Amino acid sequence: MKNSLSRRTILRAGCVGAVATATSSLLGCGSPPGFFAKHDLAIGIQLYMLGPAAVSDFERTLQRVAEIGYRTVELPAARVGGAKATLAAVEKAGLKVGCIHLGINPSPSDELLTLLDEPSTIADEVLGRGCSDIVVPFPLYPKDFSFASVDDPAAALEAAYSNPNNDVWQRTADVLNERSQALTREGLQVGYHNHSMEFLGTAGATGWDILMAETDPSLVSFEIDVGWVA
C-alpha cells in the first residue's frame, strides 16, 4: 500500500482515463519490462472477487490462484483465532498475504475481526497471517441507518452518504486517524479502499475530498479502486 506519490495528486495523474490503455503494460504484457516487473512488485488478487469458493474451498482456491500466476492475495476478512491455519494454507500454495480488509463498523459476529477491536488483538491476528497492512473497505454507516428498515439498501445508503447534513465522512476520517495511531504502535499500517459513494457531493465537497483532507497522511494511506472511481 505504501507509495511515493502525494495523496493530493493521485487522482490528477490521469489514472482513470489511462486504465484501458495501460492494462496490458500493468500486467507485464505490454512494453517490457512492464509496471510490475519494473518496480519489483508481485501481481496480487483480492479473494473477495472469487465469491463463495474462496471461503468454502480456501486451500484449493489458493492453489488455483498460484497456478494462474498470482503471487500475493488480499484477504477480504479475518476471523479471530484463524491466523495460524490461514498462514499455513497461504504458504503451502507458495503465496503471501499482501493485506487484509477489516471493517470499521461493528461486526454482527464476535468471530469476525474489525478495526474497532483491541489493537493487540488486531496485531496478533494480522501479523500472524504474515502481513502488516490493513485496509478498511467501507466507511462508517450513517447515524441511525438500519438495513432492516429499508427496502433498497443500496439506494438508501446512496441517499444517506450524499446528504449534506450528514457528518459520516468526518466521523470516518476521525476513526481512521484514531485507530491508525494506535495500530501504528503495533507495527501495522492502515489504509482505506474506496467504492463509489465517496464521490457523491456533500455540501460542496465529496466524501473523498473530506477523507483526503481530514486523515493524517503519515497514518492513513489509500488503496484506490480505479473501477469504482470511474
Side-chain angles (χ1 to χ4, degrees), residues 1-3 7 10 44 46-49 54-55 72-87 90 96-147 153 157 160-161 166-199 206-225 228:
M1 295 192 314
K2 303 176 181 65
N3 61 70
R7 301 189 323 160
I10 290 173
Q46 163 57 274
L47 293 183
Y48 178 83
M49 67 184 294
V55 176
T72 68
V73 294
E74 185 171 277
L75 301 179
R79 293 194 174 276
V80 176
K84 185 176 181 179
T86 298
L87 181 59
V90 170
K96 293 183 179 180
V97 177
C99 63
I100 299 174
H101 280 193
L102 295 186
I104 198 174
N105 293 289
S107 171
S109 169
D110 291 338
E111 295 180 358
L112 198 62
L113 193 70
T114 77
L115 201 73
L116 306 178
D117 285 309
E118 287 293 327
S120 59
T121 299
I122 295 174
D124 288 344
E125 296 294 342
V126 173
L127 295 174
R129 286 168 167 81
C131 75
S132 59
D133 287 344
I134 296 167
V135 176
V136 175
F138 209 81
L140 288 171
Y141 295 139
K143 289 180 179 177
D144 302 321
F145 182 85
S146 170
F147 286 99
L157 280 173
Y161 283 123
N166 200 314
D167 65 349
V168 66
W169 297 112
Q170 182 62 58
R171 291 191 294 112
T172 296
D174 291 343
V175 173
L176 286 171
N177 284 331
E178 185 274 325
R179 300 305 290 169
S180 296
Q181 188 171 43
L183 291 167
T184 295
R185 293 194 288 267
E186 299 286 345
L188 301 172
Q189 168 71 44
V190 175
Y192 181 85
H193 178 101
N194 67 278
H195 286 79
S196 59
M197 75 281 289
E198 289 83 3
F199 302 98
T206 65
W208 181 265
D209 294 330
I210 296 170
L211 291 177
M212 292 290 281
E214 300 299 328
T215 54
D216 185 339
S218 70
L219 296 173
V220 182
S221 61
F222 285 83
E223 179 185 76
I224 299 179
D225 188 319
W228 282 114

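No experiment lies behind these values; they were computed from the predicted model shown.
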Exercise. Going through the checks in order, is the side chain to side chain donor-acceptor pair (under 3.5 Å) test met by Thr121 and Asp124?
Worked result: CA-CA 5 Å; Thr121 299; Asp124 288 344; 5.7 Å; no

Problem set entry | Passing candidate, side chain to side chain contact (heavy atoms under 4.5 Å, CB included) with Val136, options Leu102, Thr172, Leu176 | Leu176

For this session: For Ser146, enumerate each residue passing the side chain to side chain contact (heavy atoms under 4.5 Å, CB included) test, keeping only those at least two apart in sequence or located in another chain.
Result: Ala148, Ser149

Problem set entry | Validation row: Leu113, Ser107 side chains within 4.5 angstrom (heavy atoms) | no

Exercise. Would you call the rings of Phe145 and Phe147 parallel, tilted or perpendicular, where under 30° means parallel and over 60° means perpendicular?
Worked result: perpendicular

Exercise. Going by heavy atoms in the side chains, are Pro119 and Arg185 under 4.5 Å from each other?
Worked result: no

Exercise. Roughly how far apart are Glu223 CD and Asp133 CG, rounded to 0.5 Å?
Worked result: 9.0 Å

For this session: Give the C-alpha distance, both sets of side-chain angles, the deciding distance and a yes or no for side chain to side chain donor-acceptor pair (under 3.5 Å) between Gln170 and Asp174.
Result: CA-CA 6 Å; Gln170 182 62 58; Asp174 291 343; 2.9 Å; yes

Problem set entry | Flag if over 12 foreign heavy atoms under 6.0 Å of CD, Glu178 | yes

Exercise. Name the one of Trp228, Tyr192, Tyr161, Trp208 that satisfies side chain to side chain donor-acceptor pair (under 3.5 Å) with Glu198?
Worked result: Tyr192

Exercise. Can you find a heavy atom in the side chain of Met197 that is under 4.5 Å from one in the side chain of Phe138?
Worked result: yes

Problem set entry | Close side-chain approach of Pro76 to Gln46, heavy-atom, < 4.5 Å | yes

Exercise. Heavy atoms, side chains only, cut-off 4.5 Å: are Glu111 and Val80 in contact?
Worked result: no

For this session: Calculate, to the nearest 0.5 Å, the distance between atoms OG1 and CD1 belonging to Thr114 and Ile104 respectively.
Result: 9.0 Å

Exercise. Is there a side-chain contact between Ile100 and Arg129 (heavy atoms, below 4.5 Å)?
Worked result: yes

Exercise. So do the side chains of Val220 and Leu211 get within less than 4.5 Å of each other, counting heavy atoms only?
Worked result: no

Exercise. Can you name the closest pair of heavy atoms from Asn194 and Phe199 and give their distance?
Worked result: ND2-CE1, 3.9 Å

Exercise. Would a 4.5 Å heavy-atom cut-off, applied to side chains only, mark Leu188 and Leu127 as touching?
Worked result: yes

Seminar exercise, completed: Taken to the nearest 0.5 Å, the spacing of Asp225 CG from Ser196 OG works out to 10.0 Å

